[in-house]
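For reference, the structure is listed below as structure tokens.
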Amino acid sequence: MTDYVETDPIEGVQAGPGARRPRRWRRTPALRELVRETSLDSGDLVYPLFVRPGSGVREPIASMPGIAQLSVDALAAEASELAALGIDAVLLFGIPSEKDELGAESHAEEGIVQQAIRALKAASPELVVMSDVCLCEYTSHGHCGLLDADGYLLNDETLVILGRIAVSHADAGADVVAPSGMLDGMVGTIRAALDAERHEHVAILSYAVKYASAFYGPFREAAEGAPEFGDRKSHQMDTANAREAMRESALDVEEGADALLVKPALGYLDIVQRVHDRFPELPLAAYNVSGEYAMVKAAAANGWLDEREAVLEVLTGIRRAGADLIVTYHAKEAAAWLRESA
Ligand code: PBG
């Protein structure tokens with residue numbers, strides 16, 4: 001049987017699709033729901049939190065409308081709001097009270113993230129607490145580790161500190177540590193450091209594939225971690241590369257990563273799909289980054305697109321590409337919309 005009947009104006013044959021009509025499944029909402037291939041659930045979302053010193057602080061971030069830096073005492077209320085929305089996980093970033101060349105507060109027992117982890121776990125023990133493991137928010141120069149005289153990021157010297165940061169987060173009660181610096185060997189070093197301190201149950205979500213992206217712009221305001229000079233291109237990946245993403249992922253799997261993350265999400269859905277296809281046995285996360293959030297917010301604020309529709313479309317697209325988890329600043333609003341439509 002042919003799918004299409006050819007028009008023949010001379011013979012007057014009717015044009016049409018024949019028997020094959022994909023639109024049959026799209027006729028009503030119930031039919032569409034029945035054949036929907038991708039699900040989006042609040043349980044798939046991870047909400048990033050920025051924690052800063054002080055008390056009673058809720059400092060809005062101008063380039064990320066709706067997102068604020070919070071002081072530790074505001075976290076318990078935040079945790080119960082997230083629980084009510086069905087969001088099970090947060091990813092913590094800290095703004096320390098002091099920065100120095102070596103980023104000492106990053107692994108201090110009373111550091112800002114360590115305090116935040118303890119406060120969240122006390123308020124909401126079932127909340128999954130993930131923590132960013134990187135030095136960029138803690139160093140005076142804003143780079144992701146120690147630098148040599150030429151300003152080149154030192155790899156192996158920095159790894160030692162990343163191990164200490166991860167252990168200090170685990171000591172405070174973190175469930176998952178998320179190294180984001182794109183240093184060689186970071187996963188293996190952190191796994192060894194955690195295990196040496198009897199934190200063998202703490203998981204590593206590795207930013208295995210993180211590109212040197214312009215879309216981190218608003219985050220650098222949020223986390224106060226912009227580099228004072230230079231850029232991150234000597235460690236984050238070249239945006240033009242895809243095969244290299246396979247190599248980065250393979251190394252992290254070998255070193256013992258418990259889950260992989262691709263970042264940013266929207267310009268890199270091909271990479272999400274490739275990592276998913278190549279390592280289907282590991283959970284995969286994608287980071288819908290600050291610049292992606294800011295674009296949608298700015299367009300919506302101007303009335304240029306329907307925010308709800310756009311956000312749910314973006315998040316569904318990231319899931320469709322193969323991500324199990326999505327780190328997103330849209331998490332709270334998306335969870336509320338998903339609840340309404342359930
Ligand atoms: C580094 C880190 C960055 C982001 C997450 N972790 C910034 C960077 O690499 O410069 C970006 C997240 C976002 O843009 O939402 N610790």
Side-chain angles (χ1 to χ4, degrees), residues 45-52 61-69 90-96 99 103 105-107 111-113 116 130-139 141-146 153 158 161-162 165-166 169 174 176-183 186 190 204-239 248 260-268 285-298 311 314-315 318 323 325-332:
L45 307 177
V46 180
Y47 188 59
L49 288 175
F50 299 100
V51 191
R52 64 166 310 128
I61 299 154
S63 54
M64 299 173 72
I67 306 293
Q69 299 175 339
V90 294
L91 176 59
L92 286 175
F93 296 94
I95 297 108
K99 301 185 187 232
E105 194 180 319
S106 63
H107 50 89
I112 188 73
V113 164
M130 307 183 173
S131 61
D132 183 72
V133 175
C134 192
L135 275 158
C136 58
E137 292 114 57
Y138 300 90
T139 52
H141 43 69
H143 283 285
C144 303
L146 310 181
L153 184 64
T158 301
I161 304 180
L162 295 186
I165 299 175
H169 291 178
V176 180
V177 293
S180 63
M182 289 298 285
L183 295 186
M186 65 182 185
I190 288 172
I204 300 176
L205 165 64
S206 178
Y207 287 60
V209 185
K210 177 175 177 180
Y211 288 94
S213 170
F215 289 86
Y216 307 149
F219 173 94
R220 292 184 185 168
E221 177 197 338
E224 301 179 13
E228 275 200 336
F229 54 87
D231 54 38
R232 306 210 201 288
K233 291 184 177 163
S234 82
H235 47 110
Q236 298 181 350
M237 270 182 55
D238 189 318
T239 58
E248 282 285 359
L260 302 173
L261 182 143
V262 173
K263 174 181 176 182
L266 290 187
Y268 302 86
Y287 201 137
N288 178 216
V289 299
S290 59
E292 298 172 341
Y293 176 82
M295 287 196 299
V296 171
K297 282 286 175 183
V311 167
V314 159
L315 298 177
I318 297 170
L325 306 174
I326 306 172
V327 182
T328 180
Y329 306 98
H330 295 296
K332 285 203 227 170

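The residues of the chain are indexed from 1 along the displayed sequence. All ligand and atom numbering here is 1-based and tracks the order in the structure.
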| Ala265 to Glu292 - nearest heavy-atom pair and separation | N-OE2, 3.1 Å
| note | Taking only non-hydrogen atoms of Tyr287 and a 4.0 Å limit, the atoms of ligand 1 in range are 12 (C), 15 (O)
| ligand 1 atoms in contact with Glu137 (distance to a heavy atom under 4.0 Å) | 16 (N)
| Heavy-atom pair with the smallest gap, counting every atom of Asp132 and Tyr207 | OD1-OH, 3.5 Å
| query | Looking at atom 2 (C) of ligand 1, what's its closest protein heavy atom, distance included? | reply | Lys210 NZ, 3.2 Å
| At what distance is the nearest protein heavy atom to atom 14 (O) of ligand 1, and which residue and atom is it? | Ser290 OG, 2.7 Å
| request: Identify, for atom 15 (O) of ligand 1, the protein heavy atom at the shortest distance, and state residue, atom and that distance. | output: Tyr329 OH, 2.6 Å
| query | If you count the atoms of ligand 1 from 1 in the order shown, which ones are under 4.0 Å from a heavy atom of Phe93? | reply | 5 (C), 6 (N)
| task | Identify the heavy atoms of Leu135 and Ser106 that sit nearest to each other, and give their distance. | result | CD2-OG, 3.4 Å
| request: Please work out whether the ring planes of Tyr287 and Tyr329 are parallel, tilted or perpendicular, with thresholds of 30° and 60°. | output: tilted
| request: Provide the closest heavy-atom pair for Cys134 versus Ile165 in the form atom of the first, atom of the second, distance. | output: O-CD1, 4.0 Å
| Those atoms of ligand 1 less than 4.0 Å from some heavy atom in Arg232 | 8 (C), 9 (O), 10 (O)
| Under 4.0 Å to a heavy atom of Asp132 - the qualifying atoms of ligand 1, by number | 6 (N), 16 (N)
| task | Kindly indicate, with the supporting measurements, whether the criterion side-chain contact (heavy atoms from CB on, under 4.5 Å) is fulfilled by Lys210 and Glu248. | result | CA-CA 9 Å; Lys210 177 175 177 180; Glu248 282 285 359; over 6 Å; no
| message | For atom 5 (C) of ligand 1, what is the closest protein heavy atom, and at what distance to 0.1 Å? | response | Lys263 NZ, 2.4 Å
| request: Output the list of atoms in ligand 1 that are nearer than 4.0 Å to some heavy atom of Cys136, sorted by atom number. | output: 1 (C), 16 (N)
| Per-atom contacts, ligand 1 versus Ser180 - under 4.0 Å to a heavy atom | 1 (C), 6 (N), 16 (N)
| query | To which protein heavy atom is atom 10 (O) of ligand 1 closest, and what is the distance rounded to 0.1 Å? | reply | Arg220 NH2, 2.6 Å
| query | Taking C-beta and beyond as the side chain, do Leu205 and Met130 meet within less than 4.5 Å on heavy atoms? | reply | yes
| task | Can you figure out which of Phe219, Tyr216, Phe215 has its heavy atom closest to atom 3 (C) of ligand 1? | result | Phe219
| task | Look up atom CE in Met186 and atom CG in Leu162, then write down how far apart they are to the nearest 0.5 Å. | result | 8.0 Å
| Should the pair Glu224-Lys99 be classified as a salt bridge under the 4.0 Å nitrogen-to-oxygen rule? | no
| query | Against heavy atoms of Cys134, which atoms of ligand 1 measure under 4.0 Å? | reply | 16 (N)
| note | Counting heavy atoms under 4.0 Å, the part of Tyr293 that contacts ligand 1 is neither
| task | Kindly give the heavy-atom pair with the smallest separation between His143 and Phe229, and that separation in Å. | result | NE2-O, 2.8 Å
